[in-house]
**Q** 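Pasting a structure below so you can have a look.
Whatever order the structure lists ligands and atoms in, that order sets their numbers, starting from 1.
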Amino acid sequence: MNATVLNAINVQINSEFDASYRYLAMAAFCEHQKFAGAASWLRFQAEEERQHGLKLFNFVLARDGVVALEAVEQPKGSFASLRHVFEEALAHEQRVTQEINALYELCFGQKAFAEMAELQWFLTEQVEEEKIAREIVAKFQLIRDDPAAVLDMDRELGRRSSATTGSAH
Ligand code: FEO
């Protein structure tokens, strides 16, 4: 593997594990606040991000590259409200989309064709991840701090039953 491309993919591996850790901290916060549905959703999301990291980890090894794991930053553990948790999640997904786009562009410039093919999965995944987060945030913005509606949202989030997709299917 080209060293520039390898380094950039290692940075992305770190970013995916960082995302996993962030979501896990959000899950802990929500569960502590007794929003068990949101906590469950966020735990699934944390696992999904771990899988994203592992997908690139496995790809680097399959290409005979050296995986270089870096330290993961301490995640934020406290939020103003449940709505704020998901607003931050959306903002984070938007940043990850930018990272993936930049990584794809770098691979394009380096003519790293196998890496471009691998990253296409991530480009598609980010469209889905942003869409789901945007829909959740839109609902929270609509209901604001109405307690009954917030509890309904928590219940709805709790219906997510897999880490392979953000929605409950
Ligand atoms: Fe791995 Fe949420 O992007």
Side-chain angles (χ1 to χ4, degrees), residues 5-31 35 37-63 65 67-77 79 82-108 112 114-141 153-154 156-169:
V5 168
L6 174 63
N7 181 55
I9 292 182
N10 271 318
V11 169
Q12 193 58 38
I13 290 174
N14 180 262
S15 172
E16 300 293 342
F17 288 133
D18 169 87
S20 178
Y21 218 40
R22 282 172 190 263
Y23 279 117
L24 202 56
M26 289 174 176
F29 171 80
C30 290
E31 197 156 326
F35 291 122
S40 164
W41 192 98
L42 291 158
R43 280 175 186 255
F44 278 125
Q45 190 61 30
E47 178 55 25
E48 185 163 312
E49 297 299 350
R50 202 180 75 88
Q51 293 298 331
H52 293 172
L54 282 176
K55 187 165 165 47
L56 289 174
F57 177 100
N58 291 334
F59 175 77
V60 166
L61 292 170
R63 298 276 289 146
V67 169
L69 294 178
E70 302 278 342
V72 176
E73 254 184 61
Q74 181 177 26
K76 181 173 170 178
F79 303 85
L82 194 54
R83 172 167 61 86
H84 283 86
V85 170
F86 285 90
E87 283 175 352
E88 292 207 17
L90 172 59
H92 183 73
E93 288 304 333
Q94 288 166 333
R95 279 198 299 278
V96 172
T97 298
Q98 287 172 6
E99 290 171 6
I100 298 287
N101 288 346
L103 184 54
Y104 193 82
E105 190 178 6
L106 182 141
C107 291
F108 181 80
E115 287 68 21
M116 287 167 68
E118 176 71 10
L119 288 171
Q120 272 171 9
W121 183 92
F122 284 86
L123 290 171
T124 307
E125 177 70 6
Q126 280 313 118
V127 172
E128 184 67 11
E129 297 239 306
E130 269 196 47
K131 173 176 176 282
I132 291 162
R134 208 177 295 117
E135 285 170 359
I136 295 171
V137 166
K139 287 181 187 173
F140 272 118
Q141 286 176 346
M153 264 305 283
D154 183 54
E156 183 180 329
L157 289 166
R159 288 195 204 107
R160 177 176 181 176
S161 59
S162 96
T164 55
T165 169
S167 58
H169 57 78

**Q** Looking only at heavy atoms, what is the nearest atom pair of Arg160 and Phe44, with distance?
**A** O-CE1, 3.0 Å
**Q** Taking atom types as modelled and ignoring hydrogens, do the side chains of Gln98 and Gln94 form a donor-acceptor contact shorter than 3.5 angstrom?
**A** no
**Q** Pairing donors with acceptors under 3.5 angstrom, does anything connect the side chains of Gln126 and Glu130?
**A**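 Not at all, the side chains of Gln126 and Glu130 share no donor-acceptor pair under 3.5 Å.
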**Q** Show all protein N/O/S atoms under 2.8 Å from atom 1 (Fe) of ligand 1, or state that there are none.
**A** Glu16 OE1, Glu49 OE1, His52 ND1
**Q** Quick one: does Ser20's side chain have a donor or acceptor within less than 3.5 Å of a partner on Ala46's backbone?
**A** yes
**Q** When Tyr104 is tested against each of Glu99, Gln120, Glu115 for side chain to side chain donor-acceptor pair (under 3.5 Å), which residue passes?
**A** Gln120
**Q** Once you measure the plane-to-plane angle for Phe122 and His52, does it fall in the parallel (<30°), tilted (30-60°) or perpendicular (>60°) bin?
**A** perpendicular
